[in-house]
Number of protein chains: 2
Amino acid sequence: MKIGELARRSGLSAHTIRYYERIGLLPYADRDRSSQRNYDASMLIWIEFLGRLKTAGMPIRDMLRYAALRERGAGTEAERCEILVQHRERIRAHVADLQACLLVLDTKIAGYGDQKQRTKEL
Amino acid sequence: MKIGELARRSGLSAHTIRYYERIGLLPYADRDRSSQRNYDASMLIWIEFLGRLKTAGMPIRDMLRYAALRERGAGTEAERCEILVQHRERIRAHVADLQACLLVLDTKIAGYGDQKQRTKEL
DNA sequence: CCTTGACTTCGAGTGCGCTCGAACTCGTAG
DNA sequence: CTACGAGTTCGAGCGCACTCGAAGTCAAGG
């Protein structure tokens with residue numbers, strides 16, 4: 001698979017894929033005789049996982065640590081796991097924050113609703 | 001209250017408070033004879049609410065729309081309410097995304113746990 | 001042979017949300 | 001009187017995560 005197809009299938013732009021390779025988030029891809037990157041389907045899995053981490057708010061520098069350990073392969077599992085566990089805690093905290101915000105918004109919106117109600121009643 | 005105290009009590013830096021005023025997120029503050037800003041406690045409430053919106057991931061441009069309507073006062077309630085309702089939906093969607101990420105992470109972490117288990121057993 | 005279009009590298013530019021520093025003015029305490 | 005600390009304005013700089021454009025290469029189709 002060339003970069004264009006990977007882009008289409010992953011939802012990233014080709015520019016972004018090259019950028020991710022440049023910074024080390026994606027492994028350096030094999031090139032064909034005319035220097036074009038050639039990917040196999042497993043890259044989609046990795047990109048999808050990166051997308052999860054991104055959605056989860058993980059900064060790129062942490063993804064880089066994870067990606068680097070992944071490149072090193074066996075023997076790095078404990079450290080990789082540690083990164084994920086730490087990030088899971090951050091997400092949980094963030095979800096709790098968001099839920100607190102939802103409460104505040106519900107209250108505020110209910111307040112506006114009351115006003116509307118009173119206006120109607122006039 | 002001068003800017004330093006507001007900074008201490010709100011958790012923002014004085015630099016950030018001035019920046020927020022500059023862009024219109026905080027109302028233009030009254031100045032004393034020597035051009036120093038003078039705040040009353042109600043500003044803390046507003047800043048705290050802005051903090052909620054920020055935690056909730058609202059971009060500054062949307063906070064600005066809300067702040068502008070608030071400045072205009074009465075008659076803007078419906079529009080303000082609309083902004084909050086829309087943002088509440090975005091937060092809900094985001095929470096759902098995060099929960100999906102948590103599931104993926106739990107699975108991944110459990111996988112690493114298994115490996116650790118197997119290693120122990122060797 | 002020639003065009004087309006997808007690829008290559010490289011470096012510069014963008015948008016967001018601050019963050020900082022320089023140079024200045026005040027009001028109060030010693 | 002003077003030194004200090006807290007304030008002022010202004011504009012520049014920063015970190016993040018892309019995003020884009022220029023200039024070039026290459027393989028396949030008409």
Side-chain angles (χ1 to χ4, degrees), chain A residues 1-40 43 46-68 83 87 90 94 97 101, chain B residues 1-40 43 46-68 83 87 90 94 97 101:
Chain A
M1 187 184 348
K2 294 198 285 181
I3 201 171
E5 191 185 344
L6 184 63
R8 246 173 293 112
R9 291 173 61 179
S10 68
L12 298 179
S13 71
H15 272 307
T16 301
I17 292 171
R18 288 189 206 101
Y19 164 70
Y20 278 4
E21 179 184 294
R22 211 157 66 224
I23 65 173
L25 214 46
L26 298 181
Y28 186 84
D30 292 344
R31 310 297 208 262
D32 65 14
R33 47 252 167 279
S34 64
S35 300
Q36 301 196 193
R37 291 166 180 80
N38 191 22
Y39 296 100
D40 64 17
M43 195 54 70
W46 175 234
I47 289 177
E48 202 210 314
F49 182 63
L50 287 176
R52 291 278 172 194
L53 296 180
K54 179 172 142 72
T55 297
M58 183 182 282
I60 282 190
R61 63 179 168 283
D62 291 355
M63 294 189 214
L64 281 177
R65 288 201 301 133
Y66 188 90
I83 292 172
H87 196 63
R90 270 183 252 126
H94 190 201
D97 284 351
C101 292
Chain B
M1 184 185 347
K2 293 199 284 180
I3 202 172
E5 192 185 345
L6 183 63
R8 245 172 293 111
R9 291 174 61 179
S10 68
L12 298 179
S13 72
H15 271 306
T16 301
I17 292 171
R18 287 189 208 99
Y19 165 69
Y20 278 4
E21 180 184 294
R22 211 156 67 223
I23 64 174
L25 214 44
L26 298 181
Y28 186 84
D30 292 343
R31 312 295 210 262
D32 66 13
R33 46 254 168 278
S34 63
S35 302
Q36 302 197 186
R37 290 167 181 81
N38 192 22
Y39 295 100
D40 63 17
M43 197 53 71
W46 175 234
I47 290 178
E48 202 209 316
F49 183 63
L50 287 176
R52 290 278 173 194
L53 296 181
K54 179 172 139 75
T55 297
M58 185 182 281
I60 282 189
R61 62 180 169 281
D62 290 356
M63 295 189 214
L64 281 177
R65 287 201 301 132
Y66 187 91
I83 292 172
H87 196 63
R90 269 184 252 126
H94 190 201
D97 283 352
C101 291

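Numbers restart at 1 for each chain; the letters A, B, ... are given by sequence-line order, proteins then strands.
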Should the ring pair A:Tyr66 and A:Phe49 be called parallel, tilted or perpendicular, given that the plane angle runs from 0 to 90° and is split at 30 and 60?
tilted
Evaluate the ring planes of A:His94 and B:His94, with Trp represented by its six-membered ring, and classify them as parallel (under 30°), tilted (30 to 60°) or perpendicular (over 60°).
perpendicular
Numerically ordered, the residues 26-39 of chain B set in heavy-atom contact under 4.0 Å with DNA chain C is B:Arg33, B:Ser34
Can you check side-chain contact (heavy atoms from CB on, under 4.5 Å) on B:Asn38 and B:Ile3, steps first, answer last?
CA-CA 7 Å; B:Asn38 192 22; B:Ile3 202 172; over 6 Å; no
CG of B:Asp30: more than 12 outside heavy atoms within 6.0 angstrom?
no
Which whole-number value in Å describes the distance from [X] [atom1] to [N] [atom2]?
| X | N | atom1 | atom2 | value |
| --- | --- | --- | --- | --- |
| A:Ile60 | D:dT19 | CD1 | C1' | 13 Å |
| A:Glu21 | D:dA17 | CD | C1' | 17 Å |
| A:Leu50 | D:dC18 | CG | P | 10 Å |
| A:Tyr19 | D:dG15 | OH | P | 14 Å |
| A:Lys54 | D:dC18 | NZ | C1' | 8 Å |
| A:Ile3 | D:dC26 | CD1 | C1' | 16 Å |
| A:Met58 | D:dC16 | CE | P | 15 Å |
| A:Ile23 | D:dG15 | CD1 | P | 16 Å |

Shortest non-hydrogen contact from B:Met63 to B:Leu53?
CE-C, 4.1 Å
When every non-hydrogen atom of A:Tyr39 is compared with those of A:Glu21, the smallest separation belongs to OH-OE1, 3.8 Å
Return yes if some donor-acceptor pair links the side-chain N/O of [X] with the main-chain N/O of [Y] below 3.5 Å, else return no.
| X | Y | answer |
| --- | --- | --- |
| B:Thr16 | B:Leu12 | no |
| A:Trp46 | A:Ala67 | no |
| A:His87 | A:Ala56 | yes |

Do the side-chain N or O atoms of B:Lys2 get closer than 4.0 angstrom to the phosphate oxygens (OP1, OP2) of D:dT8?
no
Nucleotide range of DNA chain C lying under 4.0 Å from chain A heavy atoms:
C:dC7 to C:dT9
